[in-house]
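The block underneath contains the structure these notes are about, expressed in C-alpha cells.
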Amino acid sequence: MANIPDKPTLDGIEERWVAQWDSDGTYRFDTSVPRDGVFSIDTPPPTVSGSLHMGHVFSYTHTDTIARYQRMRGKAVFYPMGWDDNGLPTERRVQNYYGVRCDPSQHYTEGFEPPFRGDPPKNHHAIPISRPNFLELCDELVELDEQVFEGLLKRLGLSVDWNHQYATIDERSRRASQRAFLRNIARGEAYSQEAPTLWDVDFRTAVAQAEMEDRERPGAYHKIPFARTDGDGTVDIDTTRPELLAACVALVAHPDDERYQSLFGTTVTVPLYGQQVEVRAHELAQPDKGTGIAMICTFGDTTDVTWWRELNLPMRAIVGRDGRFHADAPDGVDADAYAHIAGLSSKQAQKVVVDQLTAAGLLIGEPRPIQHPVKFYERGDRPLEIVTSRQWYIRNGGRDADLRAALVARGGEVTWHPGHMQHRYDNWVEGLNGDWLVSRQRFFGVPIPIWYPLDEQGEPRYDEPILPDESELPIDPSSDTPAGYVDDQRDQPGGFTGDPDVFDTWATSSLTPQIAGGWEEDGDLFERVFPMDMRPQGHDIIRTWLFATMTRSHHEFGCAPWSHAALSGWILDPDRKKMSKSKGNVVTPVDLFESYGTDAVRYWAASGRPGVDTAFSEDQMKVGRKLANKLLNVTKFVLQFGAPTDDRSLDDAVTDPIDRSMLAKLDGVIADATAAFEAFDYARALERTEAFFWWFCDNYVELVKGRTYDEQRPERANSAKRALREALSAVQRLFAPILPFASEEAWSWWNDSSVHLAPWPAPSSDASTPFGDPALADVTIEVLTQVRRAKTEAKRSQRSVVEVLVVTAPLAMHVAIHAGRDDLVDAGSIRNLEIVDGETVTTRVTLADDD
RNA sequence: GGGCGCGUAGCUCAGUUGGUUAGAGCGCUACCAUGACACGGUAGAGGUCCCGGGUUCGAGUCCCGUCGUGCCCACCA
C-alpha cells in the first residue's frame, strides 16, 4: 500500500497478478454460500486438441466480465472450467501426434510406448494399437493440452476457480453421461431402433440432424420413362440419382395433380431392372418440380424415408455402410442388370447406369445440369447416404408435438442475450423432423452402457438390453461383464455382447451443468449451483449444445438448466469476412497479449456487443492499452496528494460545487454501468465508464488540478482531493471486470486487498437528493474548451497566459460560471475574467504577449 | 420458401420510452514538451443518419414498402 511507482507500467503485470491471485485464492468458490447468493456459470469446455484462437479470447472475455461483476456484487461465483476432449478431434490429434491408429481387434499391451511424441515423419505408417492403449494415449495427450490451455486462459485473466475442472472424457463425465442415459431409458425417453439413418460413408458412422449441413452441389436431372404396366405408354420422371433405379419402390405425385389422377394405384415397370412399382399419392410431392412425379428409392434422401414410412412401402436397400452398392440385387430386381453396379460407389454407379440408359434409348434428352443443396456431415467430404442400422435415440420433440411444445416453452424460461437469439432456438426446435440420434460408430468416446443377450443362434436380442446398475458406472461393455454372466460368454450363443457404439459428443456435453455441478456426486454443491445462472456460448451451436442441454435438463429435472443464455458473435477479419482459421492463426492471442497487454486485448473483446459479430482490430487494442496506461497514470496523480486527514463524511468534506457536480455525474455512470451489467451488457458498461473516465481525466482533473495543489486554501484543496479519490476508487472498480490487471495494479497502490473482491461501486447519493448538478461543471468546461481553442488557433502553448477573458452567457448560467470561476482562471492561466449577459456561451480571448 | 440481424463521418461503432446544433474512438490535419501521463496533451476538418412513403408540432429513433448485406432454418425428385 502507498507503494506508487515513479514510472507506472503495464509491462509484466499479468504474470505478477496471475501468481498473486493463484496464491491468494482470489477466485475460489465459497461452497458454503446458499443458492441465492451464488452466481453459477456453465462454462463452455474448449476443444483442447486445437489451439487457443481469437474466438476463445473474445467470448471467454465476455463471460469473465460478467463473472467479475457478479463477484463484486457480492455473489459467490461458481466459474468452473471444462475441457472438451471427447470425440473425433482428439481421436485425430492422438493419431497424428503419436503415429498410431486405433484397431479394436488388437490386444492391450502393458507399458506400451508410442513410436513418436509429436511430429511423426510424413512417411510414417500409423501403428495399429488396441482401444485401451489408444485411450491411454488420449488421456496422456489431453493432459498436456489442458495444461497449455490453462496457462493461456490464466494469461487472458479469466477469474475461473481452477479447483473446479472437468474433462468431457474423464471418469466423472462418463459416469454422468451413462447415468443420465440409463435414466432416459428407464423413463422411456431413450430407445433403440432399426431405421434408415443418415450415414457418412467415410467416417462410417451415423450422423444426427444437428450435425448435417447443406452444400450446393452440381447435379443433373435425368428424364427417364417408366413403362405403364397396362401398356398405355410411359410415365416420365426426373431424377438426379439415376443410379438408384434399382432401389426404386414406388412413384409418387401430389394427390391433387390433375395429370396423374388416373395413374394412382396402377403400376409401372422400372427401366433396366424390371421391378414393378406402384404409383402413389402424397402431399409432399411437388407438382412444379421436375415432371411433378418422382421415384421413391430406399433411400435417396430424407423425403424418401418419409414416403417409405408413411406409404408403407417395401425396402430395396442397395447402398452399404462403406458407401458401396450391395453385392446382391434386392428383391424383384433383375440380377443380371444389377450386377453391373454391384460393389460400385454411388458416383461410379451413376456413370454406369447413365451409359446403360443411353445405350437402351431410355434417357429422354440430355441430362440437365442443376445446382442443388445436398446433405453433408459437417466434417465430411462426401454426401451423406441413408442406410438402415440400429441406433439409440433420445426423444427431443422431433416426433412428438407435445414434447416439442414443452421444449419451446422451456426456451421461454431462459432470458436470452441478445433477445432475438431465442428465435433461432424456436426455429430449430419447431423444425425438428426426428429424435436425437445419440449413438456413434466411433472408438473414442463415452461407451453406451448396454449389453444384449445372445440367442441360441448368437443373434442379439435388442429388445431385452442388459443394463448396469448405476453404482457400477462408468462401464465399458466391451471389457466389463454384465451381472449374471461370466466373461467367457462374451459373443457366444446364449451369452451376451456389448453395445459396440459410443455416444455422440453432445450426449455428454449436454450434461455440463450436471458434470460441473457434481450431480449425484456432490449433492451439497449441486444444490447450490443448479440450475445455473448463465450459459455463455456461440450462437452457431444453439441447435446442438444449447438445445441438447435443455433437452437433458427437461427430462431429468423438469426445468431449464440455466436462467440466462448469453450468445457471443463471431470474430470477423478486418474486411468483415468471417475470420478464417488460417488467418486467425497468423497473429496468435499470446502475441497480442505481449504486444498490447492482456487488458488491451480484453478491451477490444469487451467492445463487441453481446451477440454481435465483431471485426478483429489491433487499433482497438491500441486504444485499450492507452486506456489502461491512463488509468495507472491518473491513479498516480490522484494518490500523490496523500490520504486526506479529516474524517468528515464525503458530503461534508466535498464543498466545492464543481466537485459535487463531478460526483453527481459519476453517480449516473455507476447507475448506467450497473444496469448494463445486470442485463449482461458488458459493452455498454464499458462504454459509459470509459466516456466518463476520459471526461474526468481531460476536463475535471485539468480543471481542479491547480486547486488541489493550493496549500494556501486547504479547505478547497481538500474538497478536490476527497472528490478525486472517491471518483478514482469508483472508476477502478468500474473498470475491474474489463481491465482486471491494470485495475488491480492501480488499486494495489492504496488498498490491501484485491479490487476483484471489493464491492461494486454504489452511487454516493440517491436520485431524490443528488450530490449536485451533473451539468454544472460542463458550463465551466465549455468555457475552458473555448479558451483552449483560442490558444490552439493562435498556435500558442496551452500554458500561455490569457490577459483578458470575456465570457458571454445567458444569465441562468452565471451561477455555474461563478462556481467554477477560480478553477477556470487557474486552468486557463487567465489574468482577468469578465462575465457578461448574452444569448449563448461565447468567449473573447485576449492572449498576453509572449515573454 | 420461412425466420432473424444489420445498413449513422474514410474505418470501427454509440445513439435506452421520438425532443434543441447527430456523438465517440481510430485515421487524417495543425499545434503544444503544461508540475500524473510523449504508451502524452490541445484543437480542427469530415455526415442527404441506404432510398421512398406515412404518423407527429417534431423522426436517426415509430409504422409501411424498396434496395443492399450477413446469418439461421427448410422435404435435396
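Sequence lines set the chain letters: A, B, ... in the order given, protein chains first and strands last, and positions in each chain run from 1. Just so it is clear, the model here is predicted, and its values are computed rather than measured. Heavy-atom basis, side chains included; hydrogens, waters and symmetry copies ignored.
- Contacts between residues 592-606 of chain A and RNA chain B, defined by a heavy-atom separation below 4.0 Å, involve no residue at all.
- Among the heavy atoms of the strands lying under 4.0 Å from A:Val634 is at least one base atom, whether or not backbone atoms are also near.
- Counting non-hydrogen atoms under 4.0 angstrom, A:Ala285 reaches a base of the nucleic acid.
- One can place CE of A:Met621 at 16 Å from P of B:rC26, the figure rounded to the nearest angstrom.
- Between A:Trp416 and A:Tyr425, the distance from one ring center to the other falls under 6.0 angstrom.
- In this model, the phosphate group of B:rC37 is not approached by any side-chain N or O of A:Lys626 to a distance below 4.0 Å at OP1 or OP2.
- If you check every strand for non-hydrogen atoms under 4.0 Å, A:Glu690 touches nothing.
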Nucleotide N/O to protein N/O under 3.5 Å, stretch nucleotides 27-32 of chain B:
residue : atom : partner  : partner atom : Å
B:rA30  : O2'  : A:Lys795 : NZ           : 3.2

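- With sequence neighbours excluded, no residue satisfies ring pair (Phe, Tyr, Trp, His ring centres under 6.0 Å) with A:Tyr260.
- Using a 4.0 Å heavy-atom criterion, one finds that A:Asp540 contacts no nucleic acid atom at all.
- Across the protein-nucleic acid pair, A:Glu213 atom CD and B:rC73 atom P stand 9 Å apart, rounded to whole Å.
- Residue pairs meeting the salt bridge (Lys or Arg N to Asp or Glu O under 4.0 Å) criterion with at least one member in residues 424-433 of chain A, sequence neighbours excluded, do not occur.
- In terms of phosphate contacts, A:His372 brings a side-chain nitrogen or oxygen within less than 4.0 Å of OP1 or OP2 of B:rA77.
- Of the N and O atoms on the side chains of A:Asp778 and A:Trp695, at least one donor lies less than 3.5 Å from an acceptor on the other residue.
- In this structure, B:rC6 forms a base pair with B:rG68, meeting either the Watson-Crick or the G-U wobble geometry with both donor-acceptor distances under 3.5 Å.
- The side chain of A:Arg543 contributes no N or O atom lying less than 4.0 Å from OP1 or OP2 of B:rC72.
- Between A:Asp214 atom CG and B:rC75 atom P there is a gap of 7 Å when expressed in whole angstrom units.
- Not one side-chain nitrogen or oxygen of A:Lys223 sits closer than 4.0 Å to the OP1 or OP2 atom of B:rA77.
- The CG-P distance, from A:Leu784 to B:rG41, rounds to 15 Å in whole Å.
- In this entry B:rU56 has no Watson-Crick or G-U wobble partner, no candidate having both defining distances under 3.5 Å.
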Report, one pair per line, the protein and nucleotides 44-47 of chain B atoms (nitrogen or oxygen only) whose separation is under 3.5 Å.
residue : atom : partner  : partner atom : Å
B:rG44  : OP1  : A:Arg789 : NE           : 2.8
B:rG44  : OP1  : A:Arg789 : NH2          : 3.1

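- For the pair A:Asn633 CG and B:rG41 P, the computed distance is 9 Å after rounding to whole Å.
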Can A:Trp604 and A:Phe58 be said to form a side-chain contact (heavy atoms from CB on, under 4.5 Å), step by step? CA-CA 8 Å; A:Trp604 158 76; A:Phe58 187 63; 3.9 Å; yes
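- Checked for salt-bridge contact, A:Arg707 and A:Asp823 meet the test: a charged N lies under 4.0 Å from a carboxylate O.
- Contact check for A:Arg609 versus A:Glu687: side-chain heavy atoms found under the 4.5 Å cut-off.
- Nucleic acid contact class of A:Thr785 (heavy atoms, under 4.0 Å, all strands): sugar-phosphate only.
- Under a 4.0 Å N-O distance rule, the pair A:Arg241/A:Glu385 qualifies as a salt bridge.
- In this structure, A:Arg368 atom CZ and B:rA77 atom P are separated by 11 Å, rounded to whole Å.
- A:Phe637 pairs by the ring pair (Phe, Tyr, Trp, His ring centres under 6.0 Å) definition with A:Phe641, not counting sequence neighbours.
- Using a 4.5 Å heavy-atom threshold, the side chains of A:Phe693 and A:Leu734 count as separate.
- Using a 4.0 Å heavy-atom distance criterion, A:Gln209 is classed as a sugar-phosphate-only contact.
- Among the atoms of the strands shown, none is found under 4.0 Å from any heavy atom of A:Val305.
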Just the atom pairs and distances: protein N or O near nucleotides 4-7 of chain B's N or O, under 3.5 Å.
residue : atom : partner  : partner atom : Å
B:rC4   : O2'  : A:His420 : ND1          : 3.2

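- If you measure from atom CE of A:Met295 to atom P of B:rA77, you get 11 Å, rounded to the nearest angstrom.
- A:Lys630 contributes a side-chain N or O that forms a donor-acceptor pair with the base of B:rC37 under 3.5 Å.
- For the pair A:Leu284 CG and B:rG1 C1', the computed distance is 15 Å after rounding to whole Å.
- B:rC76: no Watson-Crick or G-U partner with both key distances under 3.5 Å is found in any strand.
- Pair assignment for B:rA43: B:rU29, on the basis of Watson-Crick or G-U wobble contacts that are both within less than 3.5 Å.
- Contact check of residues 239-252 of chain A against RNA chain B (heavy atom, cut-off under 4.0 Å) returns A:Thr239, A:Thr240.
- Every side chain to side chain donor-acceptor pair (under 3.5 Å) that A:Arg688 has, sequence neighbours left out, goes to A:Asp672.
- Using a 4.0 Å heavy-atom criterion, one finds that A:Glu430 contacts no nucleic acid atom at all.
- Under 4.0 Å is where a charged nitrogen must lie from a carboxylate oxygen, and between A:Asp599 and A:Arg625 no such pair does.
- In this structure, A:Leu627 reaches neither bases nor backbone, as no heavy-atom distance under 4.0 Å exists between it and the strands shown.
- Residue pairs meeting the salt bridge (Lys or Arg N to Asp or Glu O under 4.0 Å) criterion with at least one partner in residues 282-295 of chain A, sequence neighbours excluded, do not occur; the list is empty.
- Mapping A:Gln620 and A:Asn433 onto RNA chain B via the closest heavy atom, the residue that lands nearer the 5' end is A:Gln620.
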Which letters describe nucleotides 16-24 of chain B, given B = protein heavy atom under 4.0 Å from base, S = only from sugar-phosphate, - = neither? B--------
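- The partner of B:rG35 cannot be assigned: no Watson-Crick or G-U wobble pair with both contacts below 3.5 Å exists in any strand.
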Can I get a per-line list of side-chain donor-acceptor pairs under 3.5 Å for residues 782-792 of chain A, giving both atom names and the distance, sequence neighbours left out?
residue  : atom : partner  : partner atom : Å
A:Glu782 : OE2  : A:Gln786 : NE2          : 2.7
A:Thr785 : OG1  : A:Ile781 : O            : 2.8
A:Gln786 : OE1  : A:Thr843 : N            : 3.2
A:Gln786 : OE1  : A:Thr843 : OG1          : 2.8
A:Gln786 : NE2  : A:Val841 : O            : 3.3
A:Arg788 : NH1  : A:Asn699 : OD1          : 3.2
A:Arg788 : NH2  : A:Asp698 : O            : 3.0
A:Lys791 : NZ   : A:Gln798 : O            : 2.9
A:Lys791 : NZ   : A:Ser800 : O            : 2.9
A:Lys791 : NZ   : A:Gly828 : O            : 2.8
A:Thr792 : OG1  : A:Arg788 : O            : 3.0
A:Thr792 : OG1  : A:Gln798 : NE2          : 3.1

